[in-house]
Amino acid sequence: MVISMGSDHAGFEQKEQLKAYLQQQGHTVLDRGCDSADRVDYPDFALPVAQDVAAGEAERGVLVCGTGIGMALAADKVAGVRAANIITPQFAALCREHNDANVITLSGRFVSFETNCEILDAFLSTEFGGGRHAGRVEKIMSLD
Ligand code: RB5
């Protein structure tokens, strides 16, 4: 799968670790920065990842900041993106099954690398459930 990734300074270390984790699994990662732990603004990195997903350049997006909250708020401004801020593997599965999330935003400061790996496993392996959820997602997308 082609996955677009980005972070700010607070998510940089885990973005690098999670990128390696995904590449080891055979995924192709488009790394949209940042490239160091120097302080930056998270919307500058949410935007290119969201645009990759919206344009179909990447099937999924992964964003990491301190909490994941700012990245979700920014990415969800881009039409076609359904970004969810996730801190447990169970919610990662549910954001796919119920919400067809195509971007996940993670916390680099409050969630361990090991848990974020489990979250990504669930996010990447869970299919959208469709059915009763499909019309709800269509209603979300009609807000774009
Ligand atoms: C940066 O200090 C922090 O605000 C950012 O990484 C993120 O947590 C925002 O939501």
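Order of listing sets the numbers, starting from 1, for every ligand and every atom in it.
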Would you compute the distance between atom CG of Asp100 and atom OG1 of Thr126 and round it to the nearest 0.5 angstrom? 11.5 Å

Checking a contact table here: which protein heavy atom is nearest atom 7 (C) of ligand 1, and how many Å away? Cys65 SG, 3.4 Å

Can you find a pair of side-chain heavy atoms, one from Val62 and one from Leu106, that are under 4.5 Å apart? yes

Considering only the protein, which heavy-atom contact is closest to atom 8 (O) of ligand 1, and what is its distance? Thr67 N, 3.0 Å

When only distance counts, is Gly68 in polar contact with ligand 1, meaning an N/O pair under 3.5 Å? no

Do Gln17 and Tyr21 have side-chain atoms, one donor and one acceptor, less than 3.5 Å apart? no

I'd like to check which ligand 1 atoms, numbered from 1 as shown, lie under 4.0 Å from a non-hydrogen atom of Gly66. 5 (C), 6 (O), 7 (C), 8 (O)

Verdict with reasoning, Asp121 to Gln25, per side-chain contact (heavy atoms from CB on, under 4.5 Å): CA-CA 10 Å; Asp121 290 345; Gln25 294 183 337; 3.5 Å; yes

If you scan protein heavy atoms around atom 2 (O) of ligand 1, the nearest is Arg109 NH1, 3.4 Å

Check ligand 1 against Ala10 and write out every atom of the ligand that is under 4.0 Å from a heavy-atom position of the residue. 6 (O)

Give the residue and atom name of whichever protein heavy atom lies nearest to atom 6 (O) of ligand 1, and the separation in Å to one decimal. Asp8 OD2, 2.6 Å

Please step through side-chain contact (heavy atoms from CB on, under 4.5 Å) for the pair Leu18 and Cys117, ending with a clear verdict. CA-CA 7 Å; Leu18 293 167; Cys117 288; 3.9 Å; yes

May I ask you to check if Arg60 and Phe123 form a cation-pi contact, with NZ or CZ under 6.0 angstrom from the six-membered ring centre and within 45° of the axis? yes

Note the single closest protein heavy atom to atom 9 (C) of ligand 1, along with its residue, its atom name and the distance in Å. Tyr42 CE2, 3.4 Å

4.5 Å side-chain heavy-atom contact, Lys15 and Asp8: no

Test of proximity, Gly70 against ligand 1: N or O pairs below 3.5 Å: yes

